[in-house]
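Structure first, commentary second.
Nothing fancy with the numbering, it's 1 onward along the sequence. The shown structure was predicted, so the numbers you read here are calculated from the model rather than taken from an experiment.
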Amino acid sequence: MSQKVVIIGSGFSSLSASCYLANLGYDVSIYEKNNTVGGRARQLKKEGFTFDIGPSWYWMPDVFEKFFNDFNTSPSDFYSLDKLNPAYKVFFENKESITIGDTLEKIYGAFEREEKGSSLKLKKFISEAKNNYDIAIKELVYRPGVSPMELVTKETIKRIGQFFRTISKEVRKEFKNKKLIQILEFPVLFLGAKPSDTPAFYSFMNYADFGLGTWHPKGGMYQVILGMKKLAQSLGVQIFTSAAVDKILVTNGNAVGITVDSNLIEADIVLCGADYHHGETLLEPQYRQYSEKYWERKTFAPSSLLFYVGFDKKLNNIHHHNLFFDTDFDAHAKDIYDDPKWPDEPLFYANFTSVTDPGSAPFGKENGFFLIPLAPGIKDTPELRETYFDKIITRFEDLTEQNVQNSIIFKESFCVKDFVKEYNSYKGNAYGMANTLLQTAFLRPKLKSKKVENLYFTGQLTVPGPGVPPSLISGKLVAGLIESNTKASKKLESQMV
């Protein structure tokens with residue numbers, strides 16, 4: 001009889017793990033507290049507009065390809081992908097901007113126009129970033145964070161210095177132009193930490209950006225979730241929504257099931273794909289691995305203030321992805337990481353999928369997704385949300401040289417309190433735990449509980465880290481760990497008979 005696995009939560013890592021485990025012959029069920037699958041990657045539909053509520057960037061297409069290939073399928077079996085051209089536009093002060101194209105040659109040209117000689121420096125930088133990407137993807141990120149020796153390879157030993165230098169220093173060593181520096185520091189923000197706290201080895205994110213490009217699944221990022229859901233169900237996974245888990249049950253030091261709305265669900269293995277901190281609160285205190293002081297000491301990725309806006313007209317001077325770096329990046333970063341508070345003049349991001357995917361808004365209209373990174377755990381009120389919407393929409397109008405406020409049909413917001421309420425997110429963080437040097441690989445919370453047998457964790461607070469592609473990988477890692485431990489247990493049992 002196959003072993004029964006119950007999975008808490010239905011985000012990218014949970015769906016990924018469910019597919020791998022079902023494919024290995026486990027009897028897998030997912031329990032999701034919300035009424036739709038996807039965790040943070042959900043969808044809002046209103047008045048003919050469609051918004052991705054959470055993740056909106058499709059980077060590292062090779063990781064998605066690898067995931068689906070593991071089940072003899074491909075992304076194209078579930079959704080259509082378009083490579084965005086341009087990938088994104090960056091707005092700076094004085095109404096200056098730089099557009100990042102869909103090929104390295106176009107990007108080299110954009111850099112050269114901004115600063116003579118910078119294209120040669122960028123070619124060298126991207127070449128090194130590609131080498132790091134190959135090492136990271138082929139050698140490191142598919143390791144389960146069990147031992148520090150996982151980081152020791154022939155190639156990483158050659159690059160040991162990059163783990164003790166920062167992206168910020170590496171970029172500024174070669175580039176002096178402030179705008180180019182900000183563009184090169186931008187990709188590591190997906191890792192949830194400041195460039196000045198992120199190891200230089202993570203320049204592989206620059207290759208993910210410039211070398212592999214920015215893509216868009218037609219219909220939005222939620223199409224990836226729907227594809228994974230379809231794949232999981234085809235493998236026999238059962239998915240239950242509106243099913244909040246109250247407790248992880250432990251008997252004699254072994255996880256034996258969960259309770260859902262006080263109903264007992266027995267299991268041989270429990271896998272928590274919900275927020276790691278929340279997952280531990282489902283256990284009796286003696287079975288928790290990490291204290292509240294542990295979590296307090298950790299550097300978390302930002303939370304976010306998000307707005308989903310329907311406009312009654314097409315907008316000018318925008319692309320699918322737009323970054324607004326017209327204010328002081330260091331001051332905003334300090335307000336997130338060093339002295340947590342609402343920023344005076346925040347950087348922000350705006351996404352209009354209707355520019356390239358007309359089905360996401362009614363004809364002649366535009367959907368806008370606006371994001372302000374914030375410190376997790378700060379005060380969140382309706383009045384603050386309105387104040388900050390006014391701040392960014394005024395700057396948006398100025399930088400794109402158009403009036404839009406009178407064209408707003410509706411506006412929905414999502415912030416710290418919502419991340420806590422909807423996702424049980426620690427302090428309302430949006431992206432998990434930052435990938436700083438002391439929070440990398442084996443230094444992150446473990447996939448396997450140290451205190452409870454047959455209890456595992458997956459997602460962006462454990463290995464390999466924050467972001468959608470790492471979450472897919474996290475699901476594969478934990479499934480592999482479960483399988484190897486199951487085989488070891490069976491072997492031990494057979495030897496004892």
Side-chain angles (χ1 to χ4, degrees), residues 12-13 16-17 20-21 24 60 62-63 66-67 70 128-167 188 190-193 197-205 207-208 269 271-273 276 289-290 294 297-299 301 431-489:
F12 281 106
S13 58
S16 170
Y20 285 107
L21 290 167
L24 287 165
M60 302 167 71
D62 52 326
V63 174
K66 186 176 178 64
F67 168 77
D70 282 343
E128 183 67 19
K130 182 183 185 304
N131 290 337
N132 286 351
Y133 188 88
D134 289 341
I135 294 165
I137 295 301
K138 292 174 184 174
E139 296 192 38
L140 299 183
V141 296
Y142 287 94
R143 299 185 180 190
V146 173
S147 161
M149 295 309 293
E150 292 173 3
L151 293 177
V152 181
T153 71
K154 184 173 69 175
E155 294 300 330
T156 57
I157 287 170
K158 292 179 191 173
R159 290 167 168 74
I160 190 69
Q162 290 189 39
F163 288 92
F164 296 96
R165 298 194 304 272
T166 68
I167 280 284
V188 301
F190 284 95
L191 301 171
D197 289 337
T198 303
F201 180 76
Y202 284 98
S203 69
F204 67 73
M205 291 297 293
Y207 179 71
I269 295 164
L271 170 58
C272 181
Y276 204 123
Q289 306 166 87
Y290 305 107
Y294 169 90
R297 288 196 303 268
K298 293 300 171 184
T299 301
Y431 309 109
M433 189 183 286
N435 250 346
T436 60
L437 178 61
L438 296 178
Q439 294 182 174
T440 294
F442 67 97
L443 296 172
R444 297 179 72 81
K446 302 300 182 187
L447 290 169
K448 184 181 185 298
S449 172
K450 296 177 289 186
K451 291 193 172 184
V452 180
E453 284 300 311
N454 300 322
L455 174 60
Y456 296 83
F457 295 84
T458 186
Q460 51 193 12
L461 268 72
T462 182
V463 291
V468 175
S471 292
L472 294 179
I473 295 168
S474 185
K476 180 172 185 174
L477 291 178
V478 77
L481 196 58
I482 288 170
E483 174 69 350
S484 66
N485 288 338
T486 298
K487 284 182 176 177
S489 295

Item checked: For N454, all residues meeting side chain to side chain donor-acceptor pair (under 3.5 Å), sequence neighbours excluded -> N254

Would you say [X] and [Y] make side-chain contact, with heavy atoms under 4.5 Å?
{"X": "Q289", "Y": "V452", "value": "no"}
{"X": "P445", "Y": "M433", "value": "yes"}
{"X": "P144", "Y": "E150", "value": "yes"}
{"X": "L271", "Y": "L21", "value": "yes"}

Compare every heavy atom of [Y] with every heavy atom of [X], then report the nearest pair and how far apart it is.
{"X": "S474", "Y": "G459", "result": "OG-N, 3.1 Å"}
{"X": "R444", "Y": "A434", "result": "NH1-O, 3.4 Å"}
{"X": "K446", "Y": "G145", "result": "NZ-O, 3.1 Å"}
{"X": "S471", "Y": "S16", "result": "O-CB, 4.5 Å"}

Next item on the list: From the options L455, I482, N485, select the one residue that forms a side-chain contact (heavy atoms from CB on, under 4.5 Å) with I269.
Entry: I482

Check: Given R143, which of T153, L477, L151 fulfils the side-chain contact (heavy atoms from CB on, under 4.5 Å) condition?
Finding: T153

Next item on the list: Would you kindly say whether Y207 and N132 are connected by a side-chain donor-acceptor distance under 3.5 Å?
Entry: no

Notebook entry, point to check: In terms of ring plane angle, is the pair F204 and Y133 parallel, tilted or perpendicular, where the classes change at 30° and 60°?
Noted result: perpendicular

Margin query: Angle between ring planes, F201 versus F163, binned at 30° and 60°: parallel, tilted or perpendicular?
Written below: parallel

Check: What residues, two or more places apart in sequence or in another chain, satisfy ring-ring contact (aromatic ring centres under 6.0 Å, His included) together with Y456?
Finding: none

Next item on the list: Not counting sequence neighbours, which residues clear ring-ring contact (aromatic ring centres under 6.0 Å, His included) with Y431? List them please.
Entry: none

Next item on the list: May I ask you to say whether D62 pairs ionically with K66, meaning some side-chain N is under 4.0 Å from a carboxylate O?
Entry: no

Notebook entry, point to check: Got a salt bridge between E128 and R159, using NZ or NE/NH1/NH2 to carboxylate O under 4.0 Å?
Noted result: yes

